[in-house]
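Start at 1 and go down the list; that is how both ligands and their atoms are numbered.
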Amino acid sequence: MVSRVIPVDPFDLVIFGGTGDLARRKILPGLFRRYCAGQMPPEARIIGAARAEMDDDGYREMVGEAIGEFGGTSDIDAGKLTSFLENLSYVAIDAKGENGWRELADQMRRKVVRAFYFSVGPSLFGDLAERLNNHGLTDEHSRIVVEKPFGRDLETARQLNRDLAAFFDEGQIYRIDHYLGKETVQNLMAVRFGNMLFEPLWNSQFVDHIQITVAETVGVGGRGEYYDKSGAMRDMVQNHLMQLLCLIAMEPPARFDPDAVRDEKLKVIRALEDVEPHHIVRGQYDADPDDPEDLPDYRTAVENPKSKTESFIAMKTHIANWRWAGTPFYLRTGKRLVARSSEISIVFKDTPHSIFGEEAGRHRNVLSIRLQPNEGIKLGVTIKEPGPGGMRLMDVPLDMTFADALGPEGAENVDAYERLIMDVIRGNQTLFMRGDEVEAAWAWTDPIIEGWTKRGDVPKPYDSHSAGPDASAQLMRRDDREWREVTP
Ligand code: NAD
């Protein structure tokens, strides 16, 4: 299977925060991979812009090291790396002052796509937008890319939208949710809207429920202070899980174009029902006494012994529209869980009547879409248990693990960031969040958080390397359902 690589137009990409963790781990190694694949043209230029004083050579050295460490392969083509690094330069800049802006303006070329990646905290978004404008660095074709978190509630998200809208049209603003850049997420749309098979069944008449799980094995790591002010609801549910839910639940857009897709997603968010307090389970991880690394429990890790912030959340929600009325959507995400796994499962209803009798066993079709690891799609199909033992039923998976189905090229791991950056250069916003979507997501999230804050709810402790607090399993059991196992 040969995948087609279509080079993008020449560009100048300025990475504000070009010395930061995200730039070194994701953005720059991703750009290098696109360069090696022939997608980033040799005339493209990348300008790192950050606070540290450094010259071009110092920056190239730093980026070379980052690519060695985070490039995902020990087999780096030294010649390609050298020529890639030649396209890089660096400007020491102050987002809140005037330092460096003239130098940046001098480096930028006319007649190429200009993109500005705001890989800095959101408190700098407004300053950057204003200075870009004041220094005449942008025109109507320029684009800006902004990172999460996009606000911490509706009011702050609105303010960020206003700050950016003062200088940029919505069509120039690319709000990243890297989950949307994953191959399987786009495949989800291909499976739904490119096949006749699933869409007629994709509704409350045939679907019993939907589960979305994003499980991480890591704890809060070095982000404790930030995380404790955020928690799983803000950090994961409001953005990543919400985006997945939208793609599962939305109506077929008329076209696969940015506004048609985003209009449909917005309708889903606006149709989400309020969540009842007893349909929410929040948790905080305990330390694992057998952990060879002796990693601390949540409250120790965030240095806040009284913290009420959740490192785990499970919830049941509903979408109030004709397609989904009565079908529960169960969402679950957490840190320090038993395995790293992101999966969406569409659990279909039982057959209305079993012609084989109850002793043959009852089985449900489950379509599971796995985002990480081992991206792929599996459909559980019921067949006869082989052998002469009479008519007994069993499940077998129709498995489309991309690595198996498409061969080594299909499994080529194009990281979400590199795909999304190429979309920015191409000017395609389909996989980016629109301002009204983000605001609608916060409008749903805010009362949920306000509710547990007012009630003084305390998260339930859970064992590290488990599937979360017991109450999460009970949330399902009360409905006669169960979570899919969290497996690597
Ligand atoms: P970081 O602290 O490692 O880097 C911050 C960068 O911003 C540095 O290059 C610094 O020089 C620059 N900077 C800070 N103040 C500045 C100023 N006044 N003027 C100019 N430059 C300034 O942060 P990070 O982890 O790279 O994260 C960057 C953004 O991306 C944050 O909003 C973060 O929430 C978001 N994000 C990060 C990750 C990740 O994996 N690191 C993942 C998702 C989102």
Side-chain angles (χ1 to χ4, degrees), residues 13-31 46-55 58-59 62-63 65-66 69-70 72 88-104 116-132 134-135 137 144-152 156-157 160 163-164 173-182 214 216 218-232 234-241 243 333 335 340 342 372 415-418 420-421 424 432-433 438:
L13 171 66
V14 178
I15 308 175
F16 293 110
T19 59
D21 178 68
L22 182 68
R24 285 183 297 112
R25 277 195 312 113
K26 291 287 180 188
I27 304 171
L28 289 154
L31 283 161
I46 298 164
I47 304 168
R51 257 190 317 202
E53 290 294 337
M54 200 184 295
D55 60 14
Y59 189 58
M62 194 205 83
V63 174
E65 280 169 16
E69 192 175 351
F70 304 114
L88 262 65
S89 59
Y90 182 79
V91 179
I93 210 160
D94 183 5
K96 286 184 171 293
E98 293 313 307
N99 184 32
W101 288 93
R102 188 175 293 274
E103 290 82 341
L104 179 60
F116 300 90
Y117 199 128
F118 292 10
S119 182
V120 295
S123 62
L124 298 181
F125 290 177
D127 294 302
L128 288 175
E130 186 177 351
R131 286 192 170 71
L132 281 172
N134 293 353
H135 290 272
L137 284 164
I144 58 169
V145 183
V146 295
E147 264 299 334
K148 88 169 207 188
F150 200 85
R152 55 172 285 108
T156 49
L160 284 176
D163 291 347
L164 299 180
I173 304 170
Y174 290 71
R175 294 175 195 77
I176 282 226
D177 184 319
H178 69 274
Y179 270 62
L180 292 178
K182 290 179 184 289
V214 176
E216 298 179 284
V218 292
V220 293
R223 297 168 68 221
E225 200 190 329
Y226 159 77
Y227 191 90
D228 201 42
K229 293 196 191 96
S230 168
R234 288 192 173 96
D235 194 48
M236 297 297 289
V237 177
Q238 184 274 344
N239 39 53
H240 305 317
L241 277 83
Q243 289 296 320
T333 182
K335 291 192 174 292
R340 173 173 172 264
S342 300
Q372 62 189 23
D415 186 81
Y417 275 94
E418 47 194 288
L420 293 172
I421 296 170
V424 172
F432 295 83
M433 296 179 294
V438 179

Could you tell me, atom by atom, which parts of ligand 1 come under 4.0 Å of a heavy atom of Pro149?
34 (O)
Verify the distance criterion only: is there a donor paired with an acceptor across the side chains of Gln372 and Ser342 at less than 3.5 Å?
yes
Is it true that the side chains of His240 and Lys148 contain a donor and an acceptor less than 3.5 Å apart?
yes
Shortest protein heavy-atom distance from [atom], along with the residue and atom involved:
atom                    : result
atom 42 (C) of ligand 1 : Leu22 CD1, 3.8 Å
atom 43 (C) of ligand 1 : Glu147 OE1, 3.6 Å
atom 9 (O) of ligand 1  : Thr19 OG1, 2.7 Å
atom 29 (C) of ligand 1 : Val120 O, 3.6 Å
atom 21 (N) of ligand 1 : Arg51 N, 3.7 Å
atom 20 (C) of ligand 1 : Ile93 O, 3.4 Å
atom 3 (O) of ligand 1  : Asp21 N, 2.8 Å
atom 34 (O) of ligand 1 : Lys148 O, 3.2 Å

Rounded at 0.5 Å granularity, tell me how far OH in Tyr174 sits from CD in Glu147.
15.5 Å
Tell me the contacting part of Leu124 for ligand 1: side chain, backbone, both, or neither, using a 4.0 Å heavy-atom threshold, strictly below.
side chain
Side chain, backbone, both or neither: which part of Arg25 has a heavy atom under 4.0 Å from ligand 1?
side chain
Per the side chain to side chain contact (heavy atoms under 4.5 Å, CB included) rule, which among Asp177, Leu180, Val438 passes with Asn239?
Asp177
Given Gly18, Ala23, Ala95, Ser119, which has its nearest heavy atom closest to atom 19 (N) of ligand 1?
Ala95
Is it true that Arg223 and Asp235 make a salt bridge, defined as a side-chain N closer than 4.0 Å to a carboxylate O?
yes
Do any N or O atoms from the side chain of Tyr117 and from the backbone of Ile421 form a donor-acceptor pair under 3.5 angstrom?
no
Over 60° means perpendicular and under 30° means parallel, so classify the ring planes of Phe118 and Phe16, tilted if in between.
perpendicular
Just do the salt bridge (Lys or Arg N to Asp or Glu O under 4.0 Å) check on Glu69 and Arg25 with the steps written out, would you?
CA-CA 8 Å; Glu69 192 175 351; Arg25 277 195 312 113; over 6 Å; no
